[in-house]
Amino acid sequence: MTQRKNGLAAFGLAAALLCLTGCKGAKNRPVNVVGSTSVQPFAEVLAQEYEKRNPAERVEVQGGGSTAGLQAAVNGLADIGMCSRSLNEAEAGQFTPITIARDGLAIVVNPANTVDGLSLEQLRGIFSGRIANWEAVGGKGSPIRLIAREEGSGTRESFMHLVMDKDRIPAGAIAQESNGAVKELVKGDPAAIGFMSLGLVGKELKALAIDGAEPTHENVLNGKYKLARPFLFAVKGAPGAGAQKFIDFVLSADAQKMLEDEGLIRAK
Amino acid sequence: MKKDKIIAAILTVTALSAISGLALITIFIFREGMPIILRTGGGEFFLSADWRPRDGSFGIFSMIIGSLAVTAGAMVIGMIFGLGLAIVLTQFAPPSLAAVLKPVVELLAGIPSVVYGFMGVVTLVPLIRNRLGGPGLSVLAASIVLGIMVLPTVTSISVDALQAVPRSFWEGSIALGATRWQTTRMVMLKAARSGIVAAAILGMGRAVGETMAVIMVAGNSIEIPGSILAPTRTLTSNIALEMGYASGAHREALFATGVTLFVIIMILNCVALSVSRRSARERSFR
């Protein structure tokens with residue numbers, strides 16, 4: 001008897017679980033936003049505010065990387081793909097890109113580093129391995145430690161596009177898998193140099209001036225600081241009603257102001 | 001009786017579906033990964049250290065070396081401390097202390113690997129960078145973190161092996177006038193040898209397969225590490241780092257990396273299994 005009861009209880013539990021996962025989608029389909037880990041924290045802030053203002057709507061934000069986000073948008077797994085670089089030609093044909101903000105690409109070093117600025121040429125020299133000692137660019141003599149991002153990251157692609165041209169980052173460069181990991185490493189290593197989203201630099205790292213322009217919002221807006229990239233929402237075809245509503249919110253003055261407060265540069 | 005049959009049928013179906021799930025995964029990995037190995041010729045894929053997915057060069061040699069180096073380092077650390085601990089727990093510590101210590105070591109296995117990695121990044125990496133030089137993210141850092149992670153496996157299996165040695169061996173040796181250490185070294189360790197080898201191999205399997213903690217502390221550079229202070233990338237980290245972005249040939253190459261890992265771990269597990277079977281047989285002959 002008790003055995004049967006247990007069996008029944010287990011079946012009931014399984015049925016309840018199934019129903020729970022099943023019902024969740026049926027009641028209120030969330031807008032799925034997937035992609036770049038650089039855009040993700042900002043999208044999360046926006047989603048939170050959006051849900052607060054529209055209690056009926058739900059937005060789910062996931063990371064995974066720019067390319068993965070675009071792929072998810074193609075497959076229909078995501079309503080909106082987040083991308084932290086310009087679309088390449090093949091991709092541009094598939095998506096409608098919506099620039100939600102712009103982000104400076106900061107070149108970061110340890111605060112103990114005496115170098116305050118580099119020319120774009122020097123930067124390229126450093127990241128291609130031609131300049132291997134801080135002494136060569138006016139710092140204290142110690143080998144330069146390159147901190148890059150992993151192959152395929154939107155931040156890396158933007159960096160390659162904006163800085164490296166045809167040069168390669170040497171295989172010996174350390175690869176970290178997130179802005180946070182780059183930050184953690186540069187924070188502790190006086191010889192390190194890395195690149196990351198300007199919005200996420202914080203106060204513990206020194207962001208270098210490039211070609212004499214400090215990495216500030218004004219300089220990105222007026223074009224003096226050259227290392228800037230778009231943060232895109234990519235949608236395939238016409239977005240659904242829920243997605244469109246969220247996009248409209250993101251482009252509204254309020255949301256743009258929020259993005260600016262978070263350290264990004266407004267879209268227009 | 002009827003109920004028995006029904007339950008037996010249900011259990012059989014569950015067991016079979018678990019096994020067929022495993023079989024499907026295996027088939028899938030090989031189907032996705034093999035084409036590129038065959039296409040590039042195994043030689044180039046396994047023996048070239050040139051990994052530049054954007055330019056279409058896929059050589060995983062530096063990562064094979066990375067995996068081997070990190071695993072070897074982890075085993076040195078894991079075996080010294082794990083076996084040492086097992087010897088102390090079974091031969092020297094009073095039973096009451098052993099009863100506390102063994103579960104504590106086994107609890108280490110329950111800590112998520114990301115926590116080990118995080119602790120490694122925050123404490124170990126700066127320590128290595130400041131004391132020994134180099135970037136800190138290194139083969140050494142990964143070896144230490146992994147060495148600690150394999151401790152529970154190595155320790156508990158070695159303890160079991162040492163405890164399985166018949167009491168009479170120990171008594172006989174002590175009765176002949178051997179000291180405790182002599183008994184341990186010359187009798188107990190020899191008698192438990194195959195169990196200890198199995199412990200080492202299972203620990204190795206864990207170390208080869210670990211991913212998260214290694215990504216965080218190994219540095220992930222795609223170069224054959226020149227010293228234990230140099231950064232390196234393992235096979236597992238390569239898959240985890242790049243799978244989010246990969247498509248086409250790159251994706252196949254990552255699956256092929258998975259095939260390589262799969263084969264390595266299968267070999268290790270088979271060796272462990274046969275060694276522990278042998279030890280079971282040896283025991284039954286006594």
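We use all heavy atoms of the structure for the numbers below, so side chains are in, but hydrogens, waters and symmetry mates are not. Please read all numbers here as calculations on a predicted model, not as lab measurements. Chain A is the first sequence line, chain B the second, and so forth, proteins listed ahead of strands; every chain is numbered from 1.
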Task: Which portion of B:Asp55 sits near chain A, non-hydrogen atoms under 4.5 angstrom - done: side chain
Task: Part of A:Leu185 within contact of chain B (heavy atom distance under 4.5 Å) - done: both
Task: From B:Arg251 atom CZ to A:Gln71 atom CD, the distance as rounded to the nearest 0.5 Å - done: 8.0 Å
- [ ] Begin from the C-alpha positions of A:Glu157 and B:Arg54 and carry the test side chain to side chain contact (heavy atoms under 4.5 Å, CB included) through to its verdict.
- [x] CA-CA 11 Å; A:Glu157 306 243 318; B:Arg54 303 190 83 200; 3.7 Å; yes
Open item on the list: Check this for me: B:Met212, atom CE, are more than 12 non-hydrogen atoms of other residues, nucleotides or ligands nearer than 6.0 Å?
Closed with: yes
Task: Residue, of A:Gly154, A:Ala68, A:Gly188, A:Ala191, that accumulates the most heavy atom pairs under 4.5 Å with chain B - done: A:Gly188
Task: Portion of B:Pro231 that has a non-hydrogen atom of chain A nearer than 4.5 angstrom - done: side chain
TODO: Mind checking the CZ-CZ spacing from B:Arg129 to A:Arg145? Nearest 0.5 Å is all I need.
DONE: 7.0 Å
Open item on the list: Is it true that, when you exclude B:Phe30 itself, more than 12 heavy atoms of the residues, nucleotides or ligands shown sit nearer than 6.0 Å to its CZ?
Closed with: yes
Task: Heavy-atom closest pair, residues A:Glu150 and B:Leu241 - done: CG-O, 3.5 Å
Task: Over 12 non-hydrogen atoms of neighbours within 6.0 angstrom of CZ in B:Phe46 - done: yes
Open item on the list: As an exercise: rank A:Pro143, A:Pro190, A:Gly63, A:Ser153 by heavy-atom pairs under 4.5 Å with chain B and give me the winner.
Closed with: A:Ser153
Task: Contact class of A:Ser178 relative to chain B, heavy atoms under 4.5 angstrom - done: neither
Task: Contacting moiety of A:Ala173, where chain B heavy atoms sit under 4.5 Å - done: backbone
Task: Contact origin within A:Glu151 toward chain B - heavy atom pairs under 4.5 Å - done: both
- [ ] Can you tell which part of B:Arg52 gets under 4.5 Å to a heavy atom of chain A, answering side chain, backbone, both or neither?
- [x] side chain
Task: Proximal to chain A - members of residues 218-227 of chain B, heavy-atom separation under 4.5 Å - done: B:Gly219, B:Asn220, B:Ser221, B:Ile222, B:Glu223
